[in-house]
*Asks:* 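Below you'll find the structure I mean.
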2 protein chains.
Amino acid sequence: MSATIEITRIEKSKIASVDFNNLPFGSVFSDHMLTCTYKNGKWESPVIVPYAPIALDPSAKIFHYGQSIFEGMKAYKDAKGNTLLFRPLENCKRLNKSAERLVIPQIPEDVFMQGLKELLKVDDAWIPTNEGSSLYIRPFMFASGNGFHASPADEYKLMICTAPSGAYFAGKVNVLIEEKYARAANGGVGFAKAGGNYAAQFYPTQLAIEKGYNQVIWTDDNTHEYIEEAGAMNIFVRINDTLLTSPTNDRILDGITRKSILQLAEDLDIAVEVRKISVAEVVIAAQSGTLKEMFGTGTAAVISPITGFGFQEKDYELPTLEMPFASILKKAITDIQTNKSEDLHGWRVQL
Amino acid sequence: MSATIEITRIEKSKIASVDFNNLPFGSVFSDHMLTCTYKNGKWESPVIVPYAPIALDPSAKIFHYGQSIFEGMKAYKDAKGNTLLFRPLENCKRLNKSAERLVIPQIPEDVFMQGLKELLKVDDAWIPTNEGSSLYIRPFMFASGNGFHASPADEYKLMICTAPSGAYFAGKVNVLIEEKYARAANGGVGFAKAGGNYAAQFYPTQLAIEKGYNQVIWTDDNTHEYIEEAGAMNIFVRINDTLLTSPTNDRILDGITRKSILQLAEDLDIAVEVRKISVAEVVIAAQSGTLKEMFGTGTAAVISPITGFGFQEKDYELPTLEMPFASILKKAITDIQTNKSEDLHGWRVQL
Ligand SMILES: Cc1ncc(COP(=O)(O)O)c(C=O)c1O
Ligand SMILES: Cc1ncc(COP(=O)(O)O)c(C=O)c1O
């Protein structure tokens with residue numbers, strides 16, 4: 001299926017006002033956005049229009065019942081000026097998996113991909129070329145139908161907005177292993193990129209920040225004995241020379257960076273185990289010196305090394321390594337993303 | 001504190017187009033709404049304006065991170081035409097409890113109460129007078145601040161909208177005791193009236209509806225052995241002549257109807273136990289004939305009797321009683337709400 005995408009161009013681009021050498025993350029928005037409306041049981045043709053406020057009835061279900069999901073992806077420019085996406089179909093598939101759990105109508109993959117590509121062409125000038133910079137892409141879907149009844153809406157919107165973003169420098173990342181709060185229930189929506197999951201993280205994260213940490217390591221909500229995610233990232237732990245990550249389950253997002261890192265680690269002959277990671281073994285490893293690395297993986301920061309963690313009122317520091325797996329793997333993945341290395345797995349999509 | 005509430009009246013009321021004898025629930029909206037904006041670290045003065053769409057930036061955090069909470073309450077007209085509210089301060093306090101968990105700034109109680117009363121005065125003609133009808137009131141708060149970063153917003157809106165609503169007739173309510181899905185995590189946001197909790201309920205509810213049930217009975221997400229809520233209501237179970245309800249915890253909303261029913265049951269010398277209710281004991285009671293009633297409690301339906309339940313592929317019917325506790329208690333509470341009986345506990349608030 002090939003939909004006709006009607007394009008209304010902005011009268012005067014805002015791009016001249018943007019300092020591409022000094023881009024904050026996700027706060028500067030490109031000239032255009034894509035909107036697609038679901039109404040009367042079907043998706044209408046997407047439109048591309050100037051980035052502008054959207055008007056909704058106060059009874060639109062997005063305001064009341066949290067029926068909203070999103071994705072996060074990036075577009076890169078390679079040295080030749082080609083626009084590259086990284087495994088974009090995976091984002092579309094995950095959006096639809098989230099949609100199913102949140103009872104939001106799924107978007108046909110071809111409509112999504114065509115709309116995304118068209119939008120990137122229209123806002124081509126917004127894709128940063130600086131090393132480490134990229135165009136952050138935010139597809140999201142929400143209930144725009146009306147009514148104060150807690151049931152699925154009858155109208156929805158898919159929107160795609162983009163934000164040129166600079167390289168991500170984290171500095172020291174000191175995390176707190178959570179013992180009380182949880183982001184996701186068994187049989188809940190943690191595996192979906194549902195809006196409500198993120199708001200649920202804010203309060204425990206704020207408490208951790210007040211205690212001097214930067215982020216929370218989420219544990220299972222039942223026993224708090226197993227490590228599941230790091231903030232809004234998947235988590236990897238290196239004990240001796242083995243990299244561990246938790247298997248995904250209905251509380252954990254099936255991260256595209258995580259999956260790619262698992263593959264690249266295998267390619268690089270790094271030993272990997274996908275299995276439950278207990279807090280106890282991480283603490284023991286930290287005490288005995290076998291805990292070498294911990295890092296989060298996600299589209300925004302790619303790989304975010306953790307420099308220390310707190311658990312039960314005690315703080316543990318991670319060693320500083322010459323050549324951490326985090327750096328090796330980050331280079332491996334970003335080289336593929338930006339067309340600096342061969343794409344053995346067919347992950348890159350050129351526009 | 002007494003804020004000045006600026007009021008902009010509608011040019012032409014829509015009320016003539018509304019059939020007050022045939023009101024759906026939460027789909028017809030009164031002429032005005034209240035809006036209060038939180039900006040630069042403080043709440044501005046509320047305004048009352050004609051009910052109309054609101055414009056938000058596509059990057060407003062409500063669309064992405066589920067930072068939204070709401071309340072549900074009702075206004076009634078008594079025989080003399082007085083406007084009555086039922087325990088409204090409890091809703092305000094719960095809104096603020098939800099706000100704290102979702103890292104939304106709390107609204108001062110006097111601002112909330114004054115704004116609500118003013119709005120009800122402006123839309124006085126919209127409060128139905130028919131038996132069983134009422135004005136449903138929907139206060140809600142959401143993140144209106146912008147940015148694609150999963151962190152609390154810097155701007156928020158409190159809005160109050162109202163919807164005249166007819167009496168609630170449920171018919172047969174056949175529920176399914178949930179064994180797989182959950183609406184809330186331990187250490188999560190289930191106790192808060194957070195938007196995301198409701199979207200999380202839609203999919204399991206849809207599956208139950210496909211199996212021929214009307215609603216889901218939520219159980220604890222860890223063992224699924226204990227009964228916690230009924231759809232978006234609290235749940236009561238009557239075994240022999242004792243009424244049981246689960247204690248509130250961080251997965252269960254502290255319902256105002258539930259609390260009031262507990263008090264009224266005590267007043268009426270009905271034996272009540274607030275304790276964990278196992279699915280097993282409910283099934284055994286159903287099999288042995290000691291299970292007399294099950295009902296949900298909540299502002300919208302007040303009391304909603306359950307006529308049967310399904311569990312592990314088996315269906316159980318509840319008996320039809322001459323004078324169920326559900327009817328006795330529903331009459332007791334609605335008589336207080338509508339000024340037909342004495343208000344021993346000071347629950348009624350007259351405008
Ligand atoms: C909760 C959560 N976990 C993990 C991830 C990482 O997923 P991905 O690598 O696909 O960006 C994300 C999104 O970035 C997330 O929101
Ligand atoms: C999940 C949930 N449980 C219980 C209730 C009942 O609360 P209340 O009696 O205060 O309306 C509600 C709201 O109506 C609810 O959303």
Side-chain angles (χ1 to χ4, degrees), chain A residues 25-27 29 33 51-59 62-68 70 72 100-103 136 138 140 142-143 146-152 159 161 163 178 180-190 194-206 221-222 232, chain B residues 25-27 29 33 51-59 62-68 70 72 100-103 136 138 140 142-143 146-152 159 161 163 178 180-190 194-206 221-222 232:
Chain A
F25 184 83
S27 309
F29 310 104
M33 64 187 190
Y51 185 90
I54 39 183
L56 290 167
D57 195 84
S59 79
I62 174 66
F63 296 124
H64 306 273
Y65 306 119
Q67 219 186 348
S68 77
F70 68 100
E100 185 186 17
R101 182 60 178 86
L102 275 293
V103 195
Y136 182 75
R138 171 56 60 87
F140 58 110
F142 63 90
N146 302 342
F148 295 151
H149 357 84
S151 57
M159 297 186 65
C161 298
E178 185 59 61
K180 180 176 171 190
Y181 294 101
R183 71 179 290 279
N186 300 300
V189 299
N197 294 336
Y198 298 82
Q201 298 186 183
F202 293 171
Y203 184 70
T205 303
Q206 195 181 51
D221 81 313
N222 178 22
Chain B
F25 184 83
S27 308
F29 310 105
M33 62 186 192
Y51 185 90
I54 39 184
L56 289 167
D57 195 84
S59 79
I62 174 66
F63 296 123
H64 306 273
Y65 306 119
Q67 219 186 348
S68 78
F70 68 101
E100 185 186 18
R101 182 62 178 83
L102 276 292
V103 194
Y136 182 75
R138 171 57 59 89
F140 58 109
F142 63 90
N146 302 341
F148 295 152
H149 357 83
S151 57
M159 298 186 64
C161 298
E178 184 59 60
K180 180 175 171 192
Y181 294 101
R183 69 178 292 278
N186 300 301
V189 299
N197 295 336
Y198 298 83
Q201 298 186 183
F202 292 171
Y203 184 70
T205 302
Q206 196 182 50
D221 82 312
N222 177 22

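Throughout, protein chains are lettered first and strands after them, A, B, ... in sequence-line order, and every chain is numbered starting at 1. Computed from a predicted model, the values in this text were never measured in an experiment.
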*Asks:* Of the backbone (N, CA, C, O) and the side chain (C-beta and beyond), which part of B/Ala232 lies under 4.5 Å from a heavy atom of chain A, both, or neither?
*Replies:* neither
*Asks:* Determine the option with the most heavy-atom pairs under 4.5 angstrom with chain A, choosing from B/Pro152, B/Ala150, B/Ser59, B/Ala184.
*Replies:* B/Pro152
*Asks:* Is there a side-chain contact (heavy atoms from CB on, under 4.5 Å) between A/Val189 and B/Tyr203 once you walk through the steps?
*Replies:* CA-CA 10 Å; A/Val189 299; B/Tyr203 184 70; over 6 Å; no
*Asks:* Can you tell me which of B/Arg138, B/His149, B/Met159, B/Gln67 forms the most heavy-atom pairs within a distance under 4.5 Å of chain A?
*Replies:* B/Arg138
*Asks:* Quick one: are B/Phe63 and A/Ile54 in side-chain contact, heavy atoms under 4.5 Å?
*Replies:* yes
*Asks:* For the residue pair B/Asp221 / B/Asn186, report whether a side-chain donor-acceptor contact shorter than 3.5 Å exists.
*Replies:* yes
*Asks:* Main chain of B/Phe25, side chain of B/Ser27: is a donor-acceptor contact present, judged purely on distance under 3.5 Å?
*Replies:* yes
*Asks:* Are A/Tyr198 and A/Phe70 close enough that their ring centers fall under 6.0 Å?
*Replies:* yes
*Asks:* So for B/Tyr65, is it side chain, backbone, both, or neither that comes closer than 4.5 Å to the heavy atoms of chain A?
*Replies:* both
*Asks:* So which of B/Ser68, B/Gly72, B/Gly187, B/Gly196 has the biggest tally of heavy-atom pairs under 4.5 Å with chain A?
*Replies:* B/Gly187
*Asks:* Ring centroids only, cut at 6.0 angstrom: are B/Phe140 and A/His64 within range, meaning strictly under it?
*Replies:* yes
*Asks:* Answer with side chain, backbone, both or neither: which region of A/Ala143 has an atom nearer than 4.5 Å to a non-hydrogen atom of chain B?
*Replies:* neither
*Asks:* Between B/Asn146, B/Asn222, B/Asn197, which shows the greatest number of heavy-atom pairs under 4.5 Å with chain A?
*Replies:* B/Asn222
*Asks:* What orientation do B/Phe148 and A/Tyr136 show, parallel under 30°, tilted 30 to 60°, or perpendicular over 60°?
*Replies:* tilted
*Asks:* Between B/Leu102, B/Leu56, B/Thr205, which shows the greatest number of heavy-atom pairs under 4.5 Å with chain A?
*Replies:* B/Leu56
*Asks:* Using a cut-off of under 4.5 Å for heavy-atom pairs, which of B/Cys161, B/Gly147, B/Pro204, B/Ser151 has the most such pairs with chain A?
*Replies:* B/Ser151
*Asks:* Checking A/Arg101 against B/Phe202: charged group under 6.0 Å from the ring centre and within 45 degrees of the axis?
*Replies:* no
*Asks:* Side chain from CB out, backbone as N, CA, C, O: work out which of these in B/Glu100 comes under 4.5 Å of a heavy atom of chain A, or both, or neither.
*Replies:* both
*Asks:* Looking only at heavy atoms and a cut-off of under 4.5 Å, which of A/Ala200, A/Ala194, A/Gly188 has the most pairs with chain B?
*Replies:* A/Ala200
*Asks:* When only pairs under 4.5 Å are counted, which of A/Gly195, A/Gly66, A/Pro58, A/Ala55 shares the most heavy-atom pairs with chain B?
*Replies:* A/Pro58
